[in-house]
Participant: 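Got a structure for you, questions after.
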Amino acid sequence: MRSELDLELVGLTKRYGDVTAVDAISYLFKAGTYACLLGPSGCGKSSTLRMIAGHESVSDGAVRLSRRDISALPPAARGTAMMFQNYALFPHLSVADNVAFSLRMKGVGAPTRKARAAEMLALVDMAEFGDRVPAQLSGGQQQRVALARALITEPQVLLLDEPLSALDPFLRIRMRAELKRLQRELGITFIHVTHSQDEALALADEIVVMNNAVIEQAGPTRAVFEAPKTAFVARFLGSHNVIALPEGKIAVRADALQLNPPEGAKLQGKITNIEYQGTHVSLTAAIAGDQEVTAILSDRDFFGAPKDLGEAVGLDWDKQAAHALTA
């Protein structure tokens, strides 16, 4: 059942001259969803986000929010807010004034602006930094300010363009938890562009995998991860092997591959790489047809029966672990 606050893309297209960056995509984002647009550079995900925000014009199709076509509206009139990758904070304004800037542009009085900015800074745990300027903040703190500035407009949809890409790995994980907490607390739709599979899997209720300007596969995160439909999705999400068999291509998760003696195994191969990764060991084997597959073993399983480079192995999997691919 549709909600009044759903966001829908209807045949959404973006062309730059002869180049089609987004090719007639359609998708319904249910209200209150945390969704990730996931894909490699140049796949069309950022152009899609910018068309939703109103920072790129729509060549064809429509963006519909709350059942109204917002495609031709200016960004401030859409009910969306965008948090940019580079945060785009005004260096000469204080943190509080940065957060309150959109209210100032709307003519909201100073006492109200100050109170609302303080509320937003408290929401992102930055209440004590209101008098500082952006140069006095760390990257993570600047990100929180940018988030507060976007949220002060009370959007129905918050759009995030690679918001964690500039952060170090430790802070990135902390901010993932913070973004998820905020989305649950606010109950609004978050649409988050990323090329990081780990980020999308950690954050999203649903993922939209894009490739070559179209949606390759979309749906609930676990469903897409567990059952990729195409070789591209299987490879891009990671942790899957794409194996060409006489009857067609299949995807098998790396942690579902079992190492056995070569005789009688579904596949035979030779080990070409072994990587110890702490909690597990990643083992790569070359198989027939110039293919490579990766098996992930627990450190206990691997070191209980160690393998060597060049060693012949058999590779098996349970029937339910393999998914037929359509392309």
Side-chain angles (χ1 to χ4, degrees), residues 27 34-45 169 173 176 192-260 262 265-302 307 313-327:
Y27 195 73
Y34 200 125
C36 279
L37 300 182
L38 176 67
S41 297
C43 71
K45 59 188 186 296
I173 291 171
R176 284 197 320 225
H192 176 137
V193 159
T194 181
H195 61 267
S196 166
Q197 299 89 334
D198 289 346
E199 198 170 295
L201 293 172
L203 282 166
D205 303 315
E206 58 188 58
I207 55 176
V208 178
V209 183
M210 296 188 67
N211 184 34
N212 292 330
V214 299
I215 294 174
E216 189 96 358
Q217 187 174 350
T221 300
R222 189 179 179 196
V224 175
F225 180 79
E226 294 283 351
K229 293 180 180 177
T230 69
F232 171 81
V233 174
R235 291 189 178 108
F236 192 79
L237 286 180
S239 300
H240 283 85
N241 294 291
V242 175
I243 303 172
L245 300 174
E247 58 270 28
K249 287 183 179 180
I250 61 169
V252 181
R253 275 174 49 172
D255 59 352
L257 280 181
Q258 304 153 15
L259 264 59
N260 291 315
K266 288 187 176 75
L267 295 174
Q268 291 81 38
K270 283 192 174 181
I271 297 174
T272 58
N273 191 43
I274 299 170
E275 285 189 357
Y276 174 62
Q277 297 179 348
T279 57
H280 64 272
V281 175
S282 175
L283 183 150
T284 303
I287 61 173
D290 294 325
Q291 302 179 78
E292 282 193 333
V293 296
T294 299
I296 292 177
L297 309 175
S298 71
D299 59 342
R300 180 178 298 176
D301 287 345
F302 178 83
K307 305 294 180 186
V313 293
L315 298 149
D316 288 298
W317 56 88
D318 294 334
K319 185 177 180 180
Q320 66 269 23
H323 299 279
L325 300 172
T326 59

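Residue numbers start at 1 and run along the sequence shown.
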Participant: Apply the test ring pair (Phe, Tyr, Trp, His ring centres under 6.0 Å) to residues His240 and Phe225: give CA-CA distance (whole Å), side-chain angles for both, the deciding distance (0.1 Å), then the verdict.
Facilitator: CA-CA 9 Å; His240 283 85; Phe225 180 79; 5.2 Å; yes
Participant: Hey, could you give me the CG/CD distance between Leu37 and Glu206, rounded to the nearest 0.5 Å?
Facilitator: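 Interatomic distance, Leu37 CG to Glu206 CD, rounded to 0.5 Å: 10.0 Å.
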Participant: How about Leu237 and Leu38: do any of their side-chain heavy atoms sit closer than 4.5 Å?
Facilitator: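 Leu237 reaches Leu38 side chain to side chain.
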Participant: Quick check: do Thr294 and Leu283 have side-chain heavy atoms less than 4.5 Å from each other?
Facilitator: no
Participant: From Ile243 CD1 over to Lys249 NZ, what is the distance, rounded to the nearest 0.5 angstrom?
Facilitator: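 Ile243 atom CD1 to Lys249 atom NZ measures 12.0 Å (nearest 0.5 Å).
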Participant: List the atom pairs, with distances to 0.1 Å, where a side-chain N or O of residues 210-219 and a protein N or O form a donor-acceptor pair under 3.5 Å, not counting sequence neighbours.
Facilitator:
residue: Glu216; atom: OE2; partner: Thr230; partner atom: OG1; Å: 3.0
residue: Gln217; atom: OE1; partner: Lys229; partner atom: N; Å: 2.7
residue: Gln217; atom: NE2; partner: Ala227; partner atom: O; Å: 3.2

Participant: Any side-chain heavy atom of Trp317 sitting closer than 4.5 Å to one from Ile250?
Facilitator: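 Side-chain contact under 4.5 Å: yes.
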Participant: Looking only at atom types and distance, does a side-chain atom of His192 sit under 3.5 Å from a main-chain N or O of Tyr34, one as donor and one as acceptor?
Facilitator: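 No: the side chain of His192 does not pair with the backbone of Tyr34.
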Participant: Give me the atom names and distance for the closest heavy-atom approach of Gly278 to Asp299.
Facilitator: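 Smallest interatomic distance, heavy atoms only, reads O-OD2, 3.6 Å.
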Participant: Decide if atom NZ of Lys266 counts as having more than 12 heavy atoms of other residues, nucleotides or ligands within a radius under 6.0 Å.
Facilitator: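 Yes, NZ of Lys266 has more than 12 neighbouring heavy atoms, counting only those of other groups under 6.0 Å.
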Participant: Does the Asp316 side chain pair with the main chain of Ala265, one donor and one acceptor, at a distance under 3.5 Å?
Facilitator: no
Participant: Could you grab the distance from atom OG1 of Thr221 to atom CD of Glu226, nearest 0.5 Å is fine?
Facilitator: 11.5 Å
Participant: What's the shortest heavy-atom distance between Ala251 and Ala234, and which atoms?
Facilitator: CB-CB, 4.0 Å
Participant: Minimum heavy-atom separation for Gln277 to Glu275, with atom names?
Facilitator: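 Minimum heavy-atom contact is NE2-OE1, 2.9 Å.
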Participant: Do Ile296 and Arg253 have side chains that approach each other closer than 4.5 Å (heavy atoms only, starting at C-beta)?
Facilitator: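 Contact flag for Ile296/Arg253 side chains = no.
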Participant: Measuring from atom CG of Asn241 to atom CG of Leu315, what distance do you get when rounded to the nearest 0.5 angstrom?
Facilitator: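 If we round to the nearest 0.5 Å, Asn241:CG and Leu315:CG are 8.5 Å apart.
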Participant: Evaluate Leu245 against Leu267 for side chain to side chain contact (heavy atoms under 4.5 Å, CB included), listing each step before the verdict.
Facilitator: CA-CA 10 Å; Leu245 300 174; Leu267 295 174; 4.3 Å; yes
Participant: Looking at Thr194 and Lys45, what are the two nearest heavy atoms and their distance?
Facilitator: O-CE, 3.3 Å
Participant: Minimum heavy-atom separation for Pro40 to Phe236, with atom names?
Facilitator: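 Smallest heavy-atom distance, with atoms named: N-CZ, 3.6 Å.
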Participant: Please report the shortest heavy-atom distance between Leu325 and Pro228, naming the atom on each side.
Facilitator: CD2-O, 3.4 Å
Participant: Rounded to the nearest 0.5 Å, what's the gap from CZ on Arg222 to CD1 on Ile207? Could you check?
Facilitator: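 One finds 13.0 Å between CZ of Arg222 and CD1 of Ile207.
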Participant: First locate atom CG of Asp255, then atom OG of Ser282, and finally report the distance between them rounded to the nearest 0.5 Å.
Facilitator: 11.0 Å
